Number of protein chains: 2
Amino acid sequence: MGRPPRLSRDAICDAAFALVVETGGADFTLRDLGNRLGVDATAVYRHFADKDDLLREVGDRSMAPVTRGFTITDDPAEDIRRLCSRLRSALIKSPVSLSIVAAGPTRRRNELLITEVVVGALRRMGLGNSRAVIAYHALIEYTLGSAWLDAPLAAKGARRSATYRAWRRDYASLDPDEFADTVAVADELYPSSDAVFQAGLNALITGLTRGQ
Amino acid sequence: MGRPPRLSRDAICDAAFALVVETGGADFTLRDLGNRLGVDATAVYRHFADKDDLLREVGDRSMAPVTRGFTITDDPAEDIRRLCSRLRSALIKSPVSLSIVAAGPTRRRNELLITEVVVGALRRMGLGNSRAVIAYHALIEYTLGSAWLDAPLAAKGARRSATYRAWRRDYASLDPDEFADTVAVADELYPSSDAVFQAGLNALITGLTRGQ
DNA sequence: ACCTGAACACCGTTCAAGT
DNA sequence: ACCTGAACACCGTTCAAGT
């Protein structure tokens, strides 16, 4: 009895997160994880209840860089912009985290820190609790949604612009009678996803906090 | 040789869509589908290349009600609101469609009809092609993101408000020094997801089309 | 031509056995 | 106490065989 542990929640979580970032994480497997750790796949069950338990930990870890070193300024709108942009980048790098947050808030430390910054900024802008909460949810929905839709394309890397070109060609060759407006803008579709995100984010912040 | 087909792409797609709507579709299985069709699971491969091919068809089918009977008015902003609300409802009912559209546009008929309506409305509001496209993408990202985050909760049905209550309690019991703003609004968190969606959608439309 | 059913290469997870 | 490895109940998919 008594054997020094070779594994720990932390070490497993580190390896899992690294694996997810390297491979894109679409097909994250406990067998691969065990392989990387030099351990049988099922050894993980000594430290986590199941795969979901592990992934929730990985999900929160992927959000650590969002608030690390984040400074609050006297421009709350700009704080929100910076924080949401950071959140989006972090999630795009770790797509597994996206499916985790979609299932519901993890309510773990790093996620809570994000909530605190955004809600705080909205309240400092003069919004009452009820309006602040609605604005908070709308901003988070938009940021997560943007990351979620962009993650598969970000994973494609260099092939991304080729993909866009192929899609534009499809839109351009539609029946110009039935799809007049789409055909008219076909060449402009799929602009920089950062530009789209910034435009939407600005519109949201302005619209949701107007009249304060 | 020559045997009358018992299956067809259409019949398979109908059954698959029904199965997805009934079960929530989180664990849609070809074996279940075969079972429902009274056919071996692998018979589907005579009509579809693979599961993804079938799901793309199901995804487009789930969007059929979005533009069916949709009338364009002389209030483009209102048209966008109505169409995005319809899209959100349709996707919440068929969560598999969400993972399909996340992988990239299907560019099938029903999806194209949605694009045409939204882009058309934005152009009629006076936006140039480049700005119309950016607004279109931001609106779609927001609508899909909202549906994606709401789908698991919608599937919970009656247990939804109990879930919200439990979450609010978690937020309320945080350390009030470190999470002052979150604790202050804890009771208001997780308002009606429809209210959040409408508020964000209005803010987006206003902010993205201002100055026309 | 269309469907069947065995088979393959995977999953997550359980549990008795080793150390 | 911790890890191993066989085993179970699943997947999607392939392919030869039946009709």
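Labels below follow one simple rule: chain letters A, B, ... track the order of the sequence lines, proteins then strands, and each chain is numbered from 1. Bear in mind the structure is a predicted one, so any value in this text is a computation, not a measurement.
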K.L.:
Rounded to whole Å, how long is the line connecting atom CG of A:L30 with atom P of C:dT14?
P.N.:
11 Å
K.L.:
Return one dot-bracket line describing DNA chain D 5' to 3' (Watson-Crick or G-U wobble pairs, both distances under 3.5 Å; ( ) same strand, [ ] crossing, | another strand, . none).
P.N.:
||.|||||...|||||.||
K.L.:
What integer distance in Å separates B:N35:CG from C:dT4:P?
P.N.:
12 Å
K.L.:
Rounding to an integer number of Å, can you tell me how far B:F28 CZ sits from D:dC10 C1'?
P.N.:
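These atoms are roughly 16 Å apart.
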K.L.:
Run the salt bridge (Lys or Arg N to Asp or Glu O under 4.0 Å) test against B:D60 and tell me which residues pass, sequence neighbours left out.
P.N.:
none
K.L.:
Is any NZ, NE, NH1 or NH2 atom of the basic residue among B:E78 and B:R81 found under 4.0 Å from an Asp or Glu carboxylate oxygen of the other?
P.N.:
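Salt bridge flag = yes for B:R81 with B:E78.
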K.L.:
Starting at CG of B:L37 and ending at C1' of C:dT4, how long is that distance when rounded to a whole Å?
P.N.:
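One finds 15 Å between C1' of C:dT4 and CG of B:L37, rounded.
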K.L.:
Return the value, rounded to whole Å, for the distance between atom CD1 of B:I12 and atom P of C:dC3.
P.N.:
8 Å
K.L.:
Can you tell me how the ring of A:Y142 sits relative to the ring of B:Y142, calling it parallel under 30°, perpendicular over 60° and tilted otherwise?
P.N.:
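Geometry flag for B:Y142 against A:Y142: tilted rings.
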K.L.:
Would you say the side chains of A:S192 and A:D194 form a donor-acceptor pair under 3.5 Å?
P.N.:
no
K.L.:
Would you indicate, yes or no, if D:dG5 has its OP1 or OP2 atom less than 4.0 angstrom from a side-chain nitrogen or oxygen of A:R31?
P.N.:
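For D:dG5, neither OP1 nor OP2 has a side-chain N or O of A:R31 closer than 4.0 Å.
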K.L.:
Using a cut-off of strictly less than 4.0 Å between a heavy atom of the residue and any atom of DNA chain C, enumerate the qualifying residues of residues 38-55 of chain B by number.
P.N.:
B:V39, B:D40, B:T42, B:A43, B:R46, B:H47
K.L.:
Does anything in residues 16-29 of chain B pair up under side chain to side chain donor-acceptor pair (under 3.5 Å), and if so which pairs, sequence neighbours excluded?
P.N.:
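Every pair satisfying side chain to side chain donor-acceptor pair (under 3.5 Å) with a residue in residues 16-29 of chain B: B:E22-B:R36.
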K.L.:
Starting at atom CG of A:D32, determine the distance to atom P of C:dA9, rounded to an integer number of angstrom.
P.N.:
17 Å
K.L.:
Partners of A:R61 by salt bridge (Lys or Arg N to Asp or Glu O under 4.0 Å), sequence neighbours excluded?
P.N.:
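A:R61 satisfies salt bridge (Lys or Arg N to Asp or Glu O under 4.0 Å) with A:D10, A:D14 only.
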K.L.:
Under 3.5 Å, side chain of A:E111 to main-chain N/O of A:T106, donor-acceptor pair present?
P.N.:
yes
K.L.:
Checking A:D32 now: which residues fulfil salt bridge (Lys or Arg N to Asp or Glu O under 4.0 Å) with it, not counting sequence neighbours?
P.N.:
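Salt bridge (Lys or Arg N to Asp or Glu O under 4.0 Å) check on A:D32 returns nothing, list empty.
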